[in-house]
Amino acid sequence: MDSVEKTTNRSEQKSRKFLKSLIRKQPQELLLVIGTGVSAAVAPGIPALCSWRSCIEAVIEAAEQLEVLHPGDVADFRRKVTKDRDLLVVAHDLIRKMSPRTGDTKPNFFQDCLMEVFDNLEQHIQHPLVLQSILRLMDRGTMVLTTNYDNLLEIFGQQQSKPMESLDLKDKTKVLEWARGHIKYGVLHIHGLYTDPCGMVLDPSGYKDVTQDAEVMEVLQNLYRTKSFLFVGCGETLRDQIFQALFLYSVPNKVDLEHYMLVLKENEDHFFKHQADMLLHGIKVVSYGDCFDHFPGYVQDLATQICKQQSPDADRVDSTTLLGNACQDCAKRKLEENGIEVSKKLRQSDTGRSSWPLLYRKPWPVLHVGERSQARGSQRNRQASSPYLQQALTMMLEGLEIFKTSKTCNLKTSLL
């Protein structure tokens, strides 16, 4: 019975339709925002990757084992985690408790606890399907930022020989390069990375240098105005204070934007209310299914659909060349209908490379303007049945050959 249900679920997922406005985006028009859902799908063996709550609980556990937090504080933080309160505030307080009293973030024990929690990440990658899909999009120009502390994507990308680079908001030069599209395989960690305590911040006050830097804020906000953000594995990202400070609060007219968010649809009423609420932020909420197991396959299929889009720069052909060929074919048919012999000849450019096949009539001598007018007059006498059509088509052929010779094929500008 279970196998039948699984088969049914797979067939339902295969038949799922995607928003045309999303899959018709060019990869370089997208910016992926990666949340804990991606890490949870890739490395389910690490509970700390499943959610913010799980991450904080794992850090508290590590702090107790390493004896870097007083037992009374351990019990106090465990109580805080179980209550319905802002987990980011809890995490911020936890960092402060394990940092110097001066308020500096380095040195601190919080990093040691995270390193204990995220030890040997590469050995815990069990289902890389989502990471493979993300890398396919990055190959084609999609940018990536994350709220995660882990670097699973960078680890997996390096295993695939990609020049991955982890970035944080403390490095202005790198942030500007990334925002301007100059670091193709860069991943911006807006909360920082567990391997670098200097870049780890959970409170917007820690990014005063960033939020007060007009140049940095302008390039980041410009991304939110010009790119389509695709939130993947993000549950509470829009409530994230740092994300709000960087993008939501500072960008006006958000309803005019077009961003996307993939979510789990556990409850229909909640889902459709969430969908309506997010439209006010210019975000289209899309369900990947009613089960988290559908998430990796949905991301893979979505990436495949987006990557099918032909890049405007790929196999670029001069539109005038295509127009010229079409016009010449039309002219050829008209000339043949009027009894005029037309043939094709492949001409060579000055560099020896073959050019496009061009149409030509019986060879004409190179004439001066007055002589050419006389020749055309003689031709009109010979083809009196359709003088105006014949003249127009002949002149069109001459003009097209001159244009293609000068603009496309580098041929001599004289007519055959």
Side-chain angles (χ1 to χ4, degrees), residues 16-35 37-38 130-148 153 167 175-176 178-190 217-240 242-265 271 274-288 295 298-314:
R16 177 183 294 278
K17 291 186 177 296
F18 299 96
L19 292 181
K20 291 291 192 296
S21 61
L22 174 55
I23 63 174
R24 287 178 179 172
K25 298 285 184 186
Q26 295 290 334
Q28 62 269 26
E29 295 177 322
L30 296 174
L31 189 151
L32 290 186
V33 182
I34 297 176
V38 171
V130 176
L131 300 182
Q132 291 171 347
S133 302
I134 293 172
L135 284 179
R136 285 185 63 194
L137 291 170
M138 294 183 76
D139 288 339
R140 290 161 176 79
T142 299
M143 301 174 68
V144 175
L145 70 79
T146 181
T147 56
N148 297 343
L153 177 59
L167 314 169
V175 170
L176 291 176
W178 172 85
R180 290 165 179 161
H182 299 155
I183 305 180
K184 183 175 182 179
Y185 293 99
V187 180
L188 179 63
H189 293 256
I190 64 172
M217 290 301 291
E218 174 58 28
V219 295
L220 291 177
Q221 291 164 15
N222 188 57
L223 288 175
Y224 202 68
R225 288 191 294 263
T226 60
K227 297 279 186 180
S228 284
F229 278 42
L230 176 57
F231 297 87
V232 180
C234 299
E236 303 295 329
T237 300
L238 294 186
R239 293 177 55 196
D240 184 287
I242 296 174
F243 188 87
Q244 290 175 345
L246 294 176
F247 301 105
L248 296 187
Y249 291 159
S250 52
V251 178
N253 303 321
K254 289 180 281 294
V255 72
D256 297 329
L257 305 176
E258 189 173 50
H259 303 303
Y260 303 87
M261 178 181 288
L262 305 185
V263 302
L264 174 68
K265 186 176 71 173
F271 169 76
H274 184 49
Q275 199 174 56
D277 292 341
M278 288 299 98
L279 280 178
L280 297 175
H281 296 283
I283 299 173
K284 295 180 178 179
V285 174
V286 181
S287 167
Y288 60 77
F295 176 67
Y298 185 94
V299 174
Q300 181 189 40
D301 292 343
L302 177 60
T304 298
Q305 292 292 326
I306 294 172
C307 290
K308 283 181 180 179
Q309 299 302 311
Q310 182 71 22
S311 171
D313 296 326

Exercise. Is there a side-chain contact between F231 and L31, using heavy atoms and a 4.5 Å cut-off?
Worked result: no
Exercise. Atom CG of L135 and atom CD of Q132: how far apart are they, to the nearest 0.5 Å?
Worked result: 8.0 Å
Exercise. Where do G37 and F295 come nearest, in terms of heavy atoms and distance?
Worked result: O-CE2, 3.9 Å
Problem set entry | Distance in Å, K17 NZ paired with I23 CD1, rounded so as to fall on 0.5 Å steps | 9.0 Å
Exercise. Does K284 pair with E258 as a salt bridge, N-O distance under 4.0 Å?
Worked result: yes
Exercise. Just by distance, do the side chain of K265 and the backbone of Y288 share a donor-acceptor pair under 3.5 Å?
Worked result: no
Problem set entry | Gap separating the CG atom of L302 from the CG atom of L262, nearest 0.5 angstrom | 6.0 Å
Exercise. Is there a donor-acceptor pair closer than 3.5 Å between any side-chain N or O of H189 and the backbone N or O of N148?
Worked result: yes
For this session: State, yes or no, whether a side-chain contact exists between M143 and L32 at a heavy-atom distance under 4.5 Å.
Result: no
For this session: For residues V232 and V33, determine if any side-chain heavy atom of one lies less than 4.5 Å from a side-chain heavy atom of the other.
Result: no
For this session: Check whether any side-chain N or O of E29 sits under 3.5 Å from a backbone N or O of Q26 as a donor-acceptor pair, and report yes or no.
Result: yes
Exercise. Got V144 and L137 here, is their nearest side-chain heavy-atom distance under 4.5 Å?
Worked result: no
For this session: Please check if the distance between the ring centroids of F18 and Y298 is under 6.0 Å.
Result: yes
Problem set entry | Check: V219 and L223 side chains under 4.5 Å, non-hydrogen atoms | no
For this session: First locate atom NZ of K25, then atom CG of L30, and finally report the distance between them rounded to the nearest 0.5 Å.
Result: 7.5 Å
Problem set entry | V38 and V299: CA distance, side-chain angles, deciding distance, side-chain contact (heavy atoms from CB on, under 4.5 Å) verdict | CA-CA 10 Å; V38 171; V299 174; over 6 Å; no
Problem set entry | Polar side-chain atom of K227 near backbone of Q28 as donor-acceptor pair, under 3.5 Å | yes
For this session: Applying side-chain contact (heavy atoms from CB on, under 4.5 Å), run through L220 and V175 and close with a yes or a no.
Result: CA-CA 9 Å; L220 291 177; V175 170; 4.3 Å; yes
For this session: Verify, without hydrogens or angle tests, whether H259 (side chain) and Y224 (backbone) share a donor-acceptor contact under 3.5 angstrom.
Result: yes
For this session: Mind checking the CG-OG1 spacing from L167 to T146? Nearest 0.5 Å is all I need.
Result: 12.0 Å
For this session: I would like to know whether L279 and I283 meet side-chain contact (heavy atoms from CB on, under 4.5 Å); could you show each step before the answer?
Result: CA-CA 5 Å; L279 280 178; I283 299 173; over 6 Å; no
Exercise. When you look at W178 and L145, which way does the side-chain contact (heavy atoms from CB on, under 4.5 Å) test go after all the steps?
Worked result: CA-CA 10 Å; W178 172 85; L145 70 79; 4.2 Å; yes
Problem set entry | CD1-OG1 distance between I306 and T142, expressed to the nearest 0.5 angstrom | 7.0 Å
For this session: Just jot down the side chain to side chain contact (heavy atoms under 4.5 Å, CB included) partners of R136, sequence neighbours excluded, or say none.
Result: R140, T304, C307
Exercise. Under 4.5 Å between any side-chain heavy atoms of D139 and Y185, yes or no?
Worked result: yes
